[in-house]
Amino acid sequence: MTALDPPDAGRSTTSRTAEPDPDIRDDTILGRRHRALTLGIVTVVSLIAFEASAVNTAMPIAARALDGVELYAYAFSAYFTASLFAMALSGEWSDRKGPLPPLVCGIVAFGAGLVVAGTAQRMWMFVGGRAVQGIGGGLVIVALYVVVGRAYPRRLQPAVLASFSAAWVLPVLVGPVVAGTVTEQAGWRWVFLSIPVLVLPPLAVMLPALRTLPPGGRSPAMDRRRILLALAVAGGAGLLQYAAQDLAWYSLLPAAAGLALLVPCVLRLLPAGTFRAARGLPSVVLLRGVAAGAFLGAESFVPLMLVTQRGLSATAAGLTLAGGGLTWALGSYTQSRARLEPYRERLMGLGMLLIAVAIALAPLALAASVPVWTVAVAWAVGGYGMGMTISSASVLMLKLSRPEEAGSNSSSLQVSDALGNITLVGLSGVLFVAFGGATMTPATDATTPAASSSHPAAFTAVYAAMATVALAGAWVTTRLRPRPVSR
């Protein structure tokens with residue numbers, strides 16, 4: 001699973017929220033008024049979810065076929081690095097021109113990135129395709145949440161957020177099977193090349209409703225400062241990722257340049273106090289990145305561990321993640337129940353503890369005496385925690401935002417999500433390489449597991465670090481409620 005589950009964006013999400021018409025009795029997300037738009041949105045999210053689960057399944061085979069296991073983590077983080085810039089651009093674009101232009105461009109870019117990745121002859125070409133996908137994904141996700149804010153009344157928005165999680169269920173179930181079968185029978189390239197033909201029809205379903213949305217309420221000129229800050233953050237993150245792939249002394253130069261770009265720009269892009277977990281909104285933004293990054297940083301290495309250490313096929317390894325998609329949707333549904341609203345912060349704390357437990361259990365599968373299904377059970381537990389935590393962060397962000405700040409705060413939540421993925425997936429990659437994972441020998445046949453190449457320490461280091469980060473996130477949940485304002 002990737003951090004593609006419930007993000008938010010768009011300044012006008014609350015200021016232009018449509019109010020329900022009391023004369024329309026079927027004013028639900030699947031009622032006559034919203035049905036076509038809801039189905040289109042859910043279909044787009046489902047396709048993105050299918051792509052994410054398919055990539056998780058095919059990635060170990062692709063990395064070994066391209067002789068690029070040492071760049072395995074970079075193939076994931078490149079997506080999120082590129083999406084950082086695209087998210088800021090999409091938010092500004094949507095606020096001024098409406099969500100339709102960035103949505104169309106994002107879908108086209110997403111498909112183009114899949115084609116580049118599917119035809120890559122070198123690992124760096126594959127990583128470049130993933131970056132193009134990230135641009136498309138960033139544009140699409142932000143635009144979709146602007147659509148939700150403008151087209152649905154506030155009382156329906158939690159249900160739409162829950163439907164986003166539900167949209168992951170079927171793709172997570174069938175994605176690993178389909179991707180694994182295609183990889184083993186036709187080759188990993190067709191996992192990427194077959195998806196682009198599916199991304200355009202949902203746009204046609206949504207188009208009539210999208211055309212009726214009002215344009216943005218801000219001036220035509222975009223906030224160049226915010227876009228440049230996002231570009232600098234993406235560039236800094238990319239340099240850090242590049243440096244992390246080679247731990248030699250000369251890597252210090254791109255690492256220093258990356259930090260010089262990343263740190264000051266992130267501090268200006270996110271709410272003040274985010275990195276010291278200041279109470280209220282800053283901690284909500286911080287938690288979003290911590291939760292998403294820790295879970296993805298661990299999840300990215302689950303298929304690789306099961307293929308190389310336990311000899312599973314790509315299909316079987318991918319299926320171990322399927323339960324997490326189901327329970328993620330269940331967790332999102334749980335947090336949407338009205339009677340649990342007073343306990344939202346406690347639910348998020350419980351969610352982070354479940355994530356930590358799930359990640360800590362994963363490396364048990366490195367022992368031959370431990371059943372492989374232990375990982376599937378662990379990921380089902382972690383998925384439930386993610387559903388409660390990620391969706392609740394979106395709800396809390398809107399609750400703590402004044403109408404005129406909803407757009408910038410939504411963008412900050414997205415940036416934190418992507419930055420958490422970049423940083424923690426990158427850290428996982430560094431640990432994996434540092435503890436010997438890069439010496440894993442590629443198989444002569446890309447579909448044959450290299451089970452003889454055993455590197456338990458590399459995987460254990462990754463999971464131990466991500467479990468520790470998740471426990472830190474559990475502490476952050478104690479800082480989510482703002483201090484009462486004294487009169």
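Residue indices begin at 1 and follow the sequence shown.
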Side chain to side chain contact (heavy atoms under 4.5 Å, CB included) between Thr477 and Glu345, worked out: CA-CA 6 Å; Thr477 63; Glu345 291 83 359; 5.9 Å; no
Under the 3.5 angstrom rule, does the side chain of [X] hit a backbone N or O of [Y] as a donor-acceptor pair?
X	Y	answer
Thr320	Ala317	yes
Thr327	Tyr384	yes
Ser283	Ala278	yes
Arg481	Arg279	no
Ser391	Met388	no
Ser90	Ala86	no
Thr423	Leu419	yes

Is any side-chain heavy atom of [X] closer than 4.5 Å to a side-chain heavy atom of [Y]?
X	Y	value
Ser428	Leu424	no
Val415	Ser412	no
Ser416	Thr274	no

Salt bridge (charged side-chain N to carboxylate O under 4.0 Å, His left out) partners of Arg479, counting only residues at least two apart: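 Per chain and number, Arg479 pairs via salt bridge (charged side-chain N to carboxylate O under 4.0 Å, His left out) with no residue.
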By the definition side-chain contact (heavy atoms from CB on, under 4.5 Å), identify the one residue from Leu37, Val44, Thr38 that meets it with Ile41. Leu37
Derivation and outcome, side chain to side chain contact (heavy atoms under 4.5 Å, CB included), residues Thr308 and Phe459: CA-CA 11 Å; Thr308 60; Phe459 291 102; 3.8 Å; yes
In terms of the angle between their ring planes, are Trp188 and Phe192 parallel, tilted or perpendicular, with boundaries placed at 30° and 60°?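 Rings of Trp188 and Phe192: perpendicular, over 60°.
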Counting only heavy atoms not in Trp475 (residues, nucleotides, ligands), do more than 12 fall under 6.0 Å from its CH2?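 Counting other residues, nucleotides and ligands, CH2 of Trp475 exceeds 12 neighbours.
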Full working for ring-ring contact (aromatic ring centres under 6.0 Å, His included) between Phe295 and Trp379: CA-CA 10 Å; Phe295 195 70; Trp379 236 245; 5.1 Å; yes
